[in-house]
Protein chains: 2
Amino acid sequence: MKLRENYTCPLEMTHDIIRGKWKPIILWQLGKSRSSLANLERDIQGITQKMLLEHLKELLDYDVVAKQSFEEYPLRVEYFLTERGEKLLEAVVIMQGIGIQLMQESGMESILKEKGLIG
Amino acid sequence: MKLRENYTCPLEMTHDIIRGKWKPIILWQLGKSRSSLANLERDIQGITQKMLLEHLKELLDYDVVAKQSFEEYPLRVEYFLTERGEKLLEAVVIMQGIGIQLMQESGMESILKEKGLIG
DNA sequence: CAGCATCCGATCTGATACTG
DNA sequence: CAGTATCAGATCGGATGCTG
């Protein structure tokens, strides 16, 4: 994800931060609970390790996510939302709500039910 | 902007809708007031007509934006937010807030002042 | 388990020129 | 003024194999 060097609008900046294909889902997952790389990889359907790491790195760079490494074997790392990340999650929650609505309109309720997102 | 055919999560769907480089800014502008193509082109720094139309088309497809055409000369069209668009704008507002904070931290206040976004 | 490097096809973006 | 077409370069995304 290449960020621009010049921003003429603050919105562009935040949007660039959340732009990648998987960023909102990562935030969503971390909003549920701090998590390891492997767990995220398992919880986010279809993501590759490469994409996950790449996106996490950007989120780290922008202080949206932070991580804690434990010096032990096997290696253990935990990623979690920063205060800014929690704030951004509010936007993600709104998007999730709209998504649910969209899926209901398109007859994709079955998926929502599977996930326990609706009754 | 190619959308996926399968969504396993409603979030992916909304994110795909807002994914393009200029979508949030378009929503922001339309949130301020309904507007013509030419006005949007002028108000959004750096956007090309092509990108603008392309993104508008997608926003139209997903009922986030609607348009009204007047059959007169010179041709006149007005784009505006739908109810769903207004909802999505809430997310955009949060992103804008975070962006302002980020720019302040990075010593880019001058840009914010120019735009009257901060004191 | 965490993280890195590389390769390649798919997508996105922007410039430019053109139509109603 | 609104909208379309085309083309090339930049970026993104995913598969795979490797290291500590």
Side-chain angles (χ1 to χ4, degrees), chain A residues 1-9 12-13 15-26 29-30 34-61 65-80, chain B residues 1-9 11-12 15-26 29-30 33-62 65-80:
Chain A
M1 204 67 29
K2 177 83 174 274
L3 303 191
R4 321 164 218 214
E5 333 71 43
N6 296 316
Y7 288 96
T8 57
C9 166
E12 290 174 344
M13 201 157 177
H15 185 231
D16 270 8
I17 292 172
I18 211 180
R19 196 123 83 93
K21 184 171 181 181
W22 306 97
K23 300 249 182 65
I25 310 188
I26 294 174
Q29 285 298 331
L30 291 181
R34 44 168 62 208
S35 176
S36 67
L37 190 65
N39 280 340
L40 287 172
E41 208 172 336
R42 176 159 33 73
D43 293 341
I44 302 176
Q45 259 201 41
I47 198 171
T48 1
Q49 192 193 40
K50 176 198 166 192
M51 293 278 67
L52 187 50
L53 276 165
E54 212 163 272
H55 285 149
L56 278 171
K57 186 179 293 181
E58 282 182 46
L59 294 171
L60 287 166
D61 284 349
V65 162
K67 80 172 175 178
Q68 186 177 6
S69 303
F70 300 85
E71 301 295 334
E72 57 185 37
Y73 279 88
L75 287 176
R76 187 157 68 95
V77 172
E78 279 184 357
Y79 290 90
F80 57 95
Chain B
M1 202 69 29
K2 177 86 173 275
L3 304 191
R4 323 165 215 212
E5 333 71 43
N6 295 316
Y7 288 96
T8 57
C9 165
L11 194 45
E12 291 174 341
H15 185 231
D16 270 8
I17 292 173
I18 210 179
R19 196 122 88 88
K21 183 172 182 180
W22 306 96
K23 299 247 183 67
I25 310 187
I26 294 174
Q29 286 297 332
L30 292 180
S33 71
R34 45 167 61 205
S35 176
S36 67
L37 190 65
N39 280 340
L40 286 172
E41 206 172 338
R42 176 159 32 72
D43 293 340
I44 302 176
Q45 259 202 40
I47 198 170
T48 1
Q49 195 193 38
K50 178 199 165 190
M51 292 280 63
L52 186 51
L53 276 164
E54 213 161 274
H55 283 149
L56 279 172
K57 187 178 292 183
E58 280 182 46
L59 294 171
L60 288 167
D61 283 348
Y62 284 89
V65 163
K67 81 171 174 179
Q68 185 176 6
S69 303
F70 300 85
E71 300 295 334
E72 57 185 39
Y73 278 88
L75 286 177
R76 188 156 68 94
V77 171
E78 280 185 357
Y79 290 90
F80 57 94

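Residue numbers begin at 1 in each chain, while the letters A, B, ... track the order of the sequences.
Note on A:S36: only backbone sugar-phosphate atoms sit closer than 4.0 angstrom, heavy atoms only; bases stay farther off. Residue contacts shown for B:F70 are absent, as no nucleic acid heavy atom lies under 4.0 Å away.
The separation between A:L52 atom CG and C:dG3 atom P is 10 Å, rounded to whole Å. Atom pair B:L53:CG and C:dC18:C1' shows a separation of 14 Å (rounding to whole Å applied). Rounded to whole angstrom, the span from the CZ atom of B:R4 across to the P atom of C:dA10 amounts to 18 Å. Spacing between atom NZ of B:K67 and atom P of D:dC1 amounts to 16 Å, rounded to whole angstrom units. Separating the CG atom of A:L60 from the C1' atom of C:dG3 is a distance of 13 Å, rounded to the nearest angstrom. Across the protein-nucleic acid pair, B:L75 atom CG and C:dT19 atom P stand 16 Å apart, rounded to whole Å. Rounded to whole Å, the distance from CG on A:D43 to P on C:dC1 is 13 Å.
Counting heavy atoms from C-beta on, the side chains of A:L59 and A:L30 never come closer than 4.5 Å.
In terms of polar N and O atoms assigned as donor or acceptor, the side chain of A:Q49 comes within less than 3.5 Å of the base of C:dC4 in a complementary pairing. Below the 3.5 angstrom threshold, one finds no donor paired with an acceptor across the side chain of A:E54 and the base of D:dG13.
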A correct dot-bracket answer for DNA chain D, with pairs being Watson-Crick or G-U at under 3.5 Å, [ ] for crossing pairs and | for inter-strand pairs, is ||||||||||||||||||||
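Considering only side-chain atoms of B:K57, the nucleotide from D:dG17, C:dA15, D:dT4 that sits closest is D:dT4. The B:L37 side chain lies nearest to D:dG3 when the options are C:dT16, D:dG3, D:dG13.
Applying the salt bridge (Lys or Arg N to Asp or Glu O under 4.0 Å) definition to pairs two or more places apart or across chains, those involving residues 33-49 of chain B are B:R34-B:E78.
The phosphate of C:dT13 (OP1 or OP2) has a side-chain N or O of B:H55 nearer than 4.0 angstrom. In this structure, A:Y79 reaches the C:dG3 phosphate: one of its side-chain N or O atoms is under 4.0 Å from OP1 or OP2.
Within the model, atoms NZ of B:K23 and OH of B:Y62 stand 9.5 Å from one another, a figure rounded to the nearest 0.5 Å.
Residue-to-nucleotide proximity on DNA chain C shows that, of A:N39 and B:R19, the 5′-proximal contact is made by A:N39.
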Distances for protein N/O vs nucleotides 7-11 of chain D N/O pairs under 3.5 angstrom?
from   : atom 1 : to   : atom 2 : distance (Å)
D:dT11 : OP1    : A:K2 : NZ     : 3.0

